[in-house]
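For this chain, numbers begin at 1 and follow the sequence in order. All ligand and atom numbering here is 1-based and tracks the order in the structure.
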Amino acid sequence: MAAGGFHISNDQKNHNSNGEYKKIVYWVCIIAALGGLLFGLDIGFIGASLDTIENVYHLGIEGGEQYAAVLATGGIVGALLSGIFARILGRKRSLVFAGFLFSALSLWSATLPSIETLTICRFGLGFAVGISSFVVPLYLSETAPASIRGSMGTLFQLMITIGIFLIAAINTYIAHVVSESTISLPLMFLVIAIFSLIMFFGSIVLPESPRWLMLKGRRNEAEKVLNKVLNTSEEIQSELKEIDDAIKSDKGAGIKIIFKGYFFKVLLMGVVLQMFQQLVGINMMIYYAPKIFGYAGITGLLAAMTVPTVNMLFTFPAIRLVEKWGRKKLLYVGSAIMFVTMVAAGLTFASIGGITDPSQISTIPKAILLISVVLYIFGFAVSWGPVAWLVCSEVFPLEGREVGMTVTTMVNWTFAGLVMSHALTFMNSYGNHMIFYVFAGFCLLSMLFLKLFVPETRGTTLEHIEENLKNGKPLRLIGEK
Ligand code: BGC
């Protein structure tokens, strides 16, 4: 599991006979939620703070982009190393470590150090995001009672969008009430530090994952943890047996699995899927919407809050729609909506292209732009946002799931970084409208890719998908029953 860890467990048995969970289970859920929240807080930080950062550090457009994008570089390295951390340090200690990094680096950033140090801090925050986005869902799937694992996976995805929303709202408020940037910027970092400290101290009291303990041969300790989490001794024994079986059949093939034809094929599909998740342009909007709206004369609360609010609200229906409509249909609909709205936004910018004073722009183009952006974010939030992660968590055969998730997550971060570090300079060099056409082009291409290569995985077991893949079925058919 990885960033955006949206996972529907396919072994959802109700282990809780009396329907009640022990206190520690709530902690497990809260920490997991915080892992997702911090992911969102760090992604969403830039949108409403770019001007404040600019006032303090005078970075210019390119410098601002570089600062925003270094989070993605940290994310790539974090995602690469997260599997090793989880295996060697253990799940719990990896979470404590991520919580520590989040806390220390946000506090350090709040001291307004040199821009070089601030950039290193943001790299480190990205690294912590990379680690926790892999370890949190993994820890959950191994520790939370089976009956709540599925909804916990969805919670993680939701928390990312809530984090993006929350930090946009808080930073907008701080920027509004504290006019001195050298005071407001530290306050913005301190908000992240507070949530980070809760995660840090909270994860210290968490139990270690029973599965990891069993992997290390520490059966007694695993039993003690299960004792804390589950209610009856039957539940504990059946879970221990399940873990035993799972460990026996976990062939964890390592990196050499890439050379197997069937795996390489599905890996390529996952890679391109994650590439398109970014090339449809979402992070241009998440990071720079206030700036882009500003180019069209839309400012204030509308510019700051439209994208994070729509993004958060429409992640909720996605959770139900992936099961009702299926993954592929949702992705198609999302691509189509994003294509149309990107073209509309591009045409609007083209029509106002010559105006140098944004306050002179009339209401109609502003309204069209606003509606296009709202619909675009809606299109992403109900489809590609959660579904790209979901499909990646479903298509890899068990022995290559870790490798598959790691590689596809790194690809996601790589393309996120590319978009973050070039979107604004591209607009400045080629005209504001051009970038919308480029992203519209990718939306179109993504539909072709969906048609040719992406399977519908709704309602099929992961084992069945694996069987189809190994039997040489074409990729787009591996979800067939
Ligand atoms: C994407 C992120 C994006 C977020 C927005 C995630 O699924 O991977 O890059 O910022 O959605 O909600």
Side-chain angles (χ1 to χ4, degrees), residues 1-7 35-48 68-76 78-79 125-126 129-130 132-134 136-137 153-168 270-289 305-319 322 327 330-331 334-335 338 373-374 376-393 405-421 423 439 442 446:
M1 281 306 297
F6 185 112
H7 180 67
L37 194 79
L38 282 163
F39 186 145
L41 292 177
D42 281 303
I43 290 185
F45 186 77
I46 295 295
V70 79
L71 184 84
T73 319
I76 297 170
L125 286 170
V129 168
S132 62
S133 56
F134 182 87
V136 170
T154 6
L155 176 77
F156 189 75
Q157 172 70 20
L158 265 179
M159 292 308 288
I160 295 174
T161 60
I162 293 176
I164 296 173
F165 169 82
L166 207 63
I167 200 71
V271 161
V272 179
L273 193 74
Q274 288 291 27
M275 201 180 88
F276 275 122
Q277 201 225 24
Q278 292 301 328
L279 288 180
V280 296
I282 182 62
N283 280 315
M284 171 175 79
M285 290 302 176
I286 297 284
Y287 280 75
Y288 306 124
M305 293 311 299
T306 303
V307 167
T309 311
V310 177
N311 186 43
M312 178 183 68
L313 289 182
F314 287 102
T315 302
F316 288 89
I319 311 303
V322 284
R327 287 73 164 135
L330 262 187
L331 291 172
S335 289
M338 290 190 288
V373 171
V374 167
Y376 168 84
I377 298 292
F378 160 77
F380 180 85
V382 292
S383 65
W384 283 81
V387 179
W389 294 109
L390 174 61
V391 172
C392 283
S393 79
M405 294 298 296
T406 304
V407 172
T408 49
T409 302
M410 285 170 63
V411 167
N412 184 286
W413 278 110
T414 306
F415 282 87
L418 276 175
V419 171
M420 289 173 215
S421 56
F439 289 137
F442 283 120
S446 73

Using a 4.0 Å cutoff against the non-hydrogen atoms of [X], which atoms of ligand 1 qualify?
X	answer
Gly385	7 (O)
Gln278	1 (C), 2 (C), 8 (O), 9 (O)
Asn311	5 (C), 12 (O)
Gln277	1 (C), 6 (C), 7 (O), 8 (O)
Trp389	6 (C), 7 (O), 8 (O)

For Ile76 and Trp413, which heavy atoms make the closest approach, and how far apart are they?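 So the minimum-distance heavy-atom pair works out to CG1-CB, 3.5 Å.
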Once rounded to the nearest 0.5 Å, what's the spacing between atom [atom1] of [X] and atom [atom2] of [Y]?
X	Y	atom1	atom2	value
Arg327	Leu390	CZ	CG	4.5 Å
Phe276	Asn412	CZ	CG	13.5 Å
Ile43	Leu38	CD1	CG	11.5 Å

For residues Phe380 and Met285, determine if any side-chain heavy atom of one lies less than 4.5 Å from a side-chain heavy atom of the other.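 Heavy-atom side-chain distance check fails, nothing below 4.5 Å.
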Measure from atom 11 (O) of ligand 1 to every heavy atom in Tyr287, Phe380, Phe39, Trp413 and give the option owning the shortest one.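 Nearest heavy atom to atom 11 (O) of ligand 1 lies in Phe380.
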Between Val387, Thr161, Ile164, flag the one that comes closest to atom 4 (C) of ligand 1 by a heavy atom. Ile164
So, does Ala416 sit close enough to ligand 1 that a heavy atom of it is under 4.0 Å from the ligand? no
Does Asn412 have a heavy atom less than 4.0 Å from any atom of ligand 1?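 Distance cut 4.0 Å: Asn412 passes for ligand 1.
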Answer with yes or no after comparing the ring centroid distance for Phe378 and Trp384 against a 6.0 Å cut-off, counting only values under it.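 Distance test on ring centres: not under 6.0 Å, no.
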